[in-house]
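In this chain, numbering begins with 1 at the start of the sequence shown. For ligands, and for the atoms within them, numbers begin at 1 and follow the listed sequence.
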Amino acid sequence: MPQYNFLVIGSGIAGLSYATKLARHFEEANEAVSIAVITKVQADETNTKYAQGGIAAVWSKEDSFEKHIDDTVDAGDGINKRDIVEIVVTEAPARIQELIDYGTRFDKEADGDYDLAREGGHSDHRILHFKDITGAEIERALLEEVKRHANIRIFTHYFAVDLITQHHLGETVYRYREDIKCFGAYVLNTQTGEVEKFLAKTTMLATGGIGNVYQSTTNPTIATGDGIAMAYRAKGICDNMEFIQFHPTSLYQPGKKPSFLISEAVRGFGGILKNADGNTFMENYDERLSLAPRDIVARAIDSEMKTKGTDHVYLDVRHLDYEKFVEHFPNITKTCLDVGIDVRKDMIPVVPAQHYLCGGVKVDEWGQTNINFLYAAGECACTGLHGANRLASNSLLEAVVFGHRAYLSTVEKLAEAHIPNNVPDWDDSGTTHTEEAVLVTEMTRELNSIMSNYVGIVRTNRRLKRAHDRLDLLYKEHEALYRESKVSVPISELRNMINVSYLIIKMATARRENVGLHYNLDNIKS
Ligand code: FAD
Ligand code: SIN
């Protein structure tokens, strides 16, 4: 069975920036190590690849760390961890310079300075971007950088099923036990159907978001919360799961999954939100108008749609310089045109869609979880940076800063790690290939419906209770099916999405005040 020094689960910005740092460190030290990066489909199919707007950092002389810190805390409704915000904002320029050194291109002005865009909640222009496909450019550059390191091997089409801890050695592992250790993961080779044991001294969870828990999401199909669910089952601590960010402006295309994003940078460029009557409405909600933080804009749109009885609102860019618009947003312009929307003449129909999870596996300032030798970074981690609502373009940034910090900690702690020699192979005795794919599909639909209808932008105690009760039934049905089935990606993803939904509902129910993205009508005091 393979044994590695380092296991990295996920090949987005968090996983790859961590892996490349480790690779370079040991090459420079002339030490031979093995770094396994696993990814459930092809290497670039990640949330990272779809990022549009860009990555935030203080880059111009007019801007300052204080302003970026204040904007982050303001967007997060004040419950961010201030020390983490300061770390991320001040380390941002160095980490972004490394991305540039790996070959990432960001758009420049004619004078050679970076073209800094502005997005909702930012008091200055500070978003580095590559047209409207920044994530694809970063992912490309990171994958190129990986190729330069012979000590990294990427395993595509490998699906991590469960983390390995002392539980698998027959010990009782409870959540607040301080000496839980991670020894790697059981991983399904989706091409052979066999579950392999990936033993490793340290394991990094960089598994991204949870979008597919909801009916409509901007996230690709890989985003099923696997890392968070695996960590939780291994007795990891999760936090802030109630803070689900709905992006205000996904393209209105009923039934299409994932939803195509119309970047917030379009509003930063001058796009204006209008209701079904063609009238502006943001002035009734926030003085920052279309560029208020996302939680405020998404709720305003939700309220506007409910008041007018419509399924969407509009984003109007008809007044903007078309040539400049196309230059900055070629992908958005083309995608609109492909579905018959000519942004010169037509307003773009938009609707909020699930976009980002602000919570996740709780980590310290070095990316360490409560489980020893288990790190988490990127969207699956909860560092405290975002508080109750993430500021636009702070996600790629958080991933790259924490990829770096986790690498430093991994190197420091490595000598303490060891792999026991009695970890059993995956045991699937008594299970069979399920003929019941229809059950998994239907249960996923039910889950999506529960989460979208009862745990969306606006919540109530009654909706949350109903969500909890319905989910409990689904959980029991699924557990029975899971116990008798050979492991497969769909049944495991559903298991993970049920676990993640449970955490969202539990934390949403426990939160008694409205803050940031959590908005419960029953919390409003009359
Ligand atoms: P990802 O990039 O999602 O990578 C997750 C990896 O984990 C994948 O390789 C996947 O295969 C792997 N994985 C998951 N589960 C398993 C498993 N069980 N086994 C094996 N592998 C697994 N943020 C910004 O800051 N700026 C933006 O402009 C921006 N725009 C966005 C636009 C869109 C449409 C979307 C969806 C998101 C956007 N975001 C943006 C958010 C940002 O892109 C993500 O939060 C970030 O890329 C997450 O990176 P990550 O490395 O944590 O995870
Ligand atoms: C966008 O381009 O609007 C997405 C930015 C983000 O999610 O940070």
Starting from [atom], locate the nearest protein heavy atom and write down its residue, its atom name and how far away it is, to 0.1 Å.
| atom | result |
| --- | --- |
| atom 52 (O) of ligand 1 | Glu379 N, 2.9 Å |
| atom 31 (C) of ligand 1 | Ala51 CA, 3.3 Å |
| atom 2 (O) of ligand 1 | Thr48 OG1, 2.5 Å |
| atom 42 (C) of ligand 1 | Ser395 OG, 3.5 Å |
| atom 8 (C) of ligand 1 | Thr46 CG2, 3.6 Å |
| atom 39 (N) of ligand 1 | His355 NE2, 4.1 Å |
| atom 51 (O) of ligand 1 | Ala14 N, 3.0 Å |
| atom 2 (O) of ligand 2 | Ser263 OG, 2.7 Å |

[X] N/O under 3.5 Å from ligand 2 N/O:
| X | result |
| --- | --- |
| His355 | yes |
| His247 | yes |
| Leu391 | no |

Sorted by chain and residue number, the side chain to side chain contact (heavy atoms under 4.5 Å, CB included) partners of Tyr50 (sequence neighbours excluded) come out as Glu45, Pro220
Considering only heavy atoms, does [X] approach ligand 1 within less than 4.0 Å through its side chain, its backbone, both, or neither?
| X | result |
| --- | --- |
| Asp226 | side chain |
| Lys40 | both |
| Asn394 | backbone |
| Arg390 | side chain |
| Tyr356 | side chain |

- Query: Has Ala399 got any heavy atom lying under 4.0 angstrom from an atom of ligand 1?
  - Reply: no
Would Gly227 count as a contact of ligand 1 if the rule is a heavy atom under 4.0 Å away?
no
So, is Ile13 polar-close to ligand 1, with some N/O to N/O distance under 3.5 Å? yes
Exercise. Mind checking whether Gly54 has an N or O less than 3.5 Å away from an N or O of ligand 1?
Worked result: yes
CZ (Arg405) and OH (Tyr375) are apart, to the nearest 0.5 Å, by 12.0 Å
Interatomic distance, CD@Glu139 vs CG@Asn47, rounded to 0.5 Å, equals 10.5 Å
Checking His386, Gln354, Arg294 against Gln245 for side-chain hydrogen bond (donor to acceptor under 3.5 Å, both in side chains), the one that qualifies is Arg294
Can you confirm whether the side chains of Asn189 and Tyr158 place a donor and an acceptor under 3.5 Å from each other? yes
Would you tell me whether Tyr18 and Thr410 have side-chain atoms, one donor and one acceptor, within less than 3.5 Å of each other? yes
Tell me if the centroids of the rings in His247 and Tyr356 come within less than 6.0 Å of each other. no
Short version for Arg294: what comes under 4.0 Å of ligand 2, heavy atoms counted, is side chain
Short version for Asp132: what comes under 4.0 Å of ligand 2, heavy atoms counted, is neither
Of all heavy-atom pairs linking Val361 and Ile228, the shortest is CG2-CA, 3.9 Å
What one should report as the nearest heavy-atom pair of Val297 and Ser290 is CG2-O, 4.1 Å
